[in-house]
Amino acid sequence: MKLQSADELTLKKCLPCEGGVDPCTLGEAEAQLGELSGWYLTHDGQRIRKDWCVKSFMAGMQFFNRCAELAEEDGHHPDLHLEGYRNLSVELWTHAIGGLSENDFILAAKIDQIPIKLDK
């Protein structure tokens with residue numbers, strides 16, 4: 001995978017992935033994460049995740065609804081986590097390949113553009 005800025009990633013659309021391709025290497029994923037703010041690797045480098053503490057429960061729900069709309073437009077769906085009513089996490093990976101693909105970084109960059117009401 002070619003290293004791309006967050007701005008470059010947001011101009012792309014996720015492409016359907018039915019498997020049969022190799023996931024990004026750990027080195028590729030780490031390099032690409034250097035272009036995204038706050039995202040980190042989980043599950044031995046097979047997923048990326050970002051966490052937020054939002055102002056209120058409804059602020060979290062509004063953000064998740066925007067994430068859902070964006071994900072549906074791109075046909076690439078994240079795991080959305082809400083804990084303790086204000087602690088949000090988004091986790092991305094390409095299920096069909098059991099690891100990370102360019103799609104995950106595209107959606108992460110787009111999610112970063114969604115307004116979010118943070119706590120303080």
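Side-chain atoms are counted along with the backbone in the values below, which use heavy atoms only and exclude waters and symmetry mates.
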Test your reading of the model: is there a side-chain donor-acceptor pair from [X] to the backbone of [Y], 3.5 Å cut-off?
X	Y	value
Gln4	Lys2	yes
Gln32	Ala29	no
Asp74	Ala71	no
Glu69	Arg66	no

Taking all heavy atoms of [X] and all of [Y], pick out the closest pair and write down the distance.
X	Y	result
Lys110	Lys12	NZ-O, 2.6 Å
Ile97	Pro23	CD1-CA, 3.6 Å
His77	His95	O-CE1, 4.0 Å
Cys53	Asn87	SG-OD1, 3.7 Å
Leu26	Gly45	CD1-CA, 4.1 Å
Ser101	Cys24	CA-SG, 3.9 Å

Query raised in the report: Would Asp104 and Thr94 count as having a side-chain donor-acceptor pair, cut-off 3.5 Å?
Result: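 Side-chain D/A pair, Asp104 to Thr94: present.
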Query raised in the report: Do you see a donor-acceptor pair shorter than 3.5 Å between the side chains of Arg49 and Thr42?
Result: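 No donor-acceptor contact under 3.5 Å links the two side chains.
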Query raised in the report: OH of Tyr85: more than 12 outside heavy atoms within 6.0 angstrom?
Result: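 Incorrect, the count does not exceed 12.
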**Report entry** Lys13 NZ: over 12 foreign heavy atoms closer than 6.0 Å
**Finding:**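 Yes, enclosed.
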Distance from [X] atom [atom1] to [Y] atom [atom2], nearest 0.5 Å?
X	Y	atom1	atom2	value
Ile111	Thr10	CD1	OG1	12.5 Å
Leu33	Leu3	CG	CG	10.5 Å
Asp119	Arg86	CG	CZ	4.0 Å
Met1	Asn103	CE	CG	10.0 Å
Gln113	Asp7	CD	CG	7.5 Å
Leu92	Leu100	CG	CG	8.5 Å

Side-chain heavy atoms nearer than 4.5 Å, only ILVMFWY residues, links allowed to pass through others: does that put [X] and [Y] together?
X	Y	value
Leu15	Leu70	no
Leu107	Tyr40	no
Phe105	Leu11	no

Report task. Apply side-chain contact (heavy atoms from CB on, under 4.5 Å) to Glu30 and Thr25, showing your working. Result -> CA-CA 9 Å; Glu30 289 172 336; Thr25 66; over 6 Å; no
Query raised in the report: With side chains defined as the heavy atoms from C-beta onward, is the minimum distance between Leu88 and Phe63 less than 4.5 Å?
Result: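 Heavy-atom side-chain distance check passes, below 4.5 Å.
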Report task. Would you check, one step at a time, whether the test side-chain contact (heavy atoms from CB on, under 4.5 Å) holds for Cys67 with Leu80? Result -> CA-CA 9 Å; Cys67 283; Leu80 305 174; 4.2 Å; yes
Report task. Apply side-chain contact (heavy atoms from CB on, under 4.5 Å) to the pair Trp93 and Ile48, showing each step before the final yes or no. Result -> CA-CA 7 Å; Trp93 80 99; Ile48 57 173; over 6 Å; no
Query raised in the report: Trp39 vs Trp52 aromatic rings, parallel, tilted or perpendicular, using cut-offs 30° and 60°?
Result: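 Perpendicular: the ring planes of Trp39 and Trp52 meet at over 60°.
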